[in-house]
Amino acid sequence: MQQQKRQPELVEGNLPVFVFPTELIFYADDQSTHKQVLTLYNPYEFALKFKVLCTTPNKYAVVDATGAVKPQCCVDIVIRHRDVRASYYGVIDKFRLQVSEQSQRKALGKKEIIATLLPSAKEQQQQKEEEEKRIKEHLAESVFFEQTLCQPGLITMVILRT
């Protein structure tokens with residue numbers, strides 16, 4: 001008796017979608033960040049078709065918003081921020097990448113990518129450095145206590161200073 005090799009039934013919406021990065025950050029003062037690339041990976045044994053959707057399509061241009069990915073290949077999707085204005089600073093927009101089998105209409109999986117426009121890359125870097133410095137200073141000033149049990153009911157404290 002010969003066993004047939006069956007492909008598992010693909011349930012709508014449950015197929016993991018592999019895309020990198022999972023977050024896009026655009027900086028108003030750095031035009032080189034206004035164009036970014038999402039890479040969609042297909043680790044499966046079958047071809048996928050994809051569609052990119054957006055919560056605010058008027059703010060972005062997506063090059064090749066629909067397409068296909070061969071088995072065990074990847075495809076780059078270019079996203080351009082085309083409406084850089086101060087009123088959009090800090091607003092979180094979302095992209096949804098939907099994938100389906102080449103011959104099917106129903107979405108097998110999806111992944112959401114958030115996109116944010118910030119005023120300045122330099123400002124962001126300074127804030128990050130200041131936060132790291134605060135954390136290091138806080139750790140350097142911390143006093144740590146070690147509890148050791150000598151006898152039942154008696155607790156000795158050892159103070160460690162960094």
Side-chain angles (χ1 to χ4, degrees), residues 5-142 144 162:
K5 190 175 181 183
R6 280 185 46 197
Q7 185 174 357
E9 184 75 21
L10 296 173
V11 181
E12 186 174 352
N14 289 339
L15 186 74
V17 176
F18 300 94
V19 63
F20 183 82
T22 56
E23 179 179 13
L24 300 174
I25 299 176
F26 300 91
Y27 296 102
D29 69 343
D30 184 357
Q31 197 162 4
S32 70
T33 69
H34 296 186
K35 175 181 149 184
Q36 296 196 29
V37 176
L38 288 176
T39 303
L40 173 63
Y41 298 90
N42 179 5
Y44 304 107
E45 299 288 331
F46 52 90
L48 292 174
K49 63 181 179 181
F50 69 88
K51 182 188 294 189
V52 181
L53 307 169
C54 183
T55 55
T56 50
N58 58 320
K59 288 165 59 175
Y60 302 92
V62 180
V63 178
D64 298 328
T66 60
V69 192
K70 294 176 184 172
Q72 286 149 10
C73 289
C74 63
V75 66
D76 288 337
I77 302 161
V78 176
I79 297 179
R80 285 190 181 89
H81 201 302
R82 61 180 182 192
D83 195 357
V84 179
R85 62 174 95 163
S87 61
Y88 292 146
Y89 293 172
V91 175
I92 296 173
D93 300 317
K94 291 181 183 175
F95 289 91
R96 176 177 287 164
L97 218 90
Q98 287 182 230
V99 298
S100 57
E101 264 189 291
Q102 194 74 33
S103 59
Q104 302 292 316
R105 288 196 69 180
K106 64 180 179 180
L108 292 177
K110 64 181 187 263
K111 182 80 163 196
E112 290 193 355
I113 295 98
I114 62 170
T116 311
L117 174 66
L118 298 176
S120 171
K122 293 173 193 144
E123 240 178 69
Q124 191 70 18
Q125 185 61 31
Q126 285 175 336
Q127 287 176 353
K128 190 176 178 181
E129 287 170 3
E130 286 172 14
E131 180 67 19
E132 287 173 0
K133 185 179 175 186
R134 260 196 313 275
I135 290 170
K136 286 178 185 175
E137 286 171 356
H138 182 71
L139 288 174
E141 295 169 359
S142 298
F144 295 90
T162 56

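We find the CG-CG distance between D29 and L118 to be 10.0 Å, quoted to the nearest 0.5 Å. Expressed to the nearest 0.5 Å, how far OG of S103 lies from CZ of R105 amounts to 12.5 Å. Rounding to the nearest 0.5 Å gives a distance of 13.5 Å between CZ of F20 and CG of L40. Going from atom CD of E23 over to atom OG1 of T116 covers 5.5 Å, rounded to the nearest 0.5 Å.
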Distance-only donor-acceptor hits, side chain of residues 43-55, under 3.5 Å, sequence neighbours excluded:
from, atom 1, to, atom 2, distance (Å)
Y44, OH, P16, O, 2.7
E45, OE2, Q72, NE2, 2.7
K49, NZ, Q104, O, 2.8
T55, OG1, K94, N, 3.1
T55, OG1, K94, O, 3.4

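Partner I77 forms a side-chain contact (heavy atoms from CB on, under 4.5 Å) with one of V37, T66, V62 and no other, that one being V62.
Nearest heavy-atom pair across V19 and T22 is O-CG2, 3.7 Å. Residues Q98 and A107 share a closest heavy-atom pair of NE2-CB, 3.5 Å.
Listed by first and then second residue, the ring-ring contact (aromatic ring centres under 6.0 Å, His included) pairs that reach into residues 74-97 are F26-H81, Y60-H81, Y60-F95, sequence neighbours excluded.
The side-chain heavy atoms of P21 and L38, taken from C-beta on, include a pair separated by under 4.5 Å. Residues N42 and V99 have side chains not in contact (no heavy-atom distance under 4.5 Å, counting atoms from C-beta outward).
Partners of D64 by salt bridge (charged side-chain N to carboxylate O under 4.0 Å, His left out), not counting sequence neighbours: none found. Applying the side-chain contact (heavy atoms from CB on, under 4.5 Å) criterion to P57, with sequence neighbours excluded, gives no partner residue. Remark: K59 pairs with D93 by the salt bridge (charged side-chain N to carboxylate O under 4.0 Å, His left out) rule, at least two apart or across chains. For the side-chain contact (heavy atoms from CB on, under 4.5 Å) test, residues two or more places apart in sequence or in another chain that qualify with R80 are K35, A61, V63, V78.
Heavy-atom neighbours of Q102 CD from other residues, nucleotides or ligands within 6.0 Å: above the threshold of 12.
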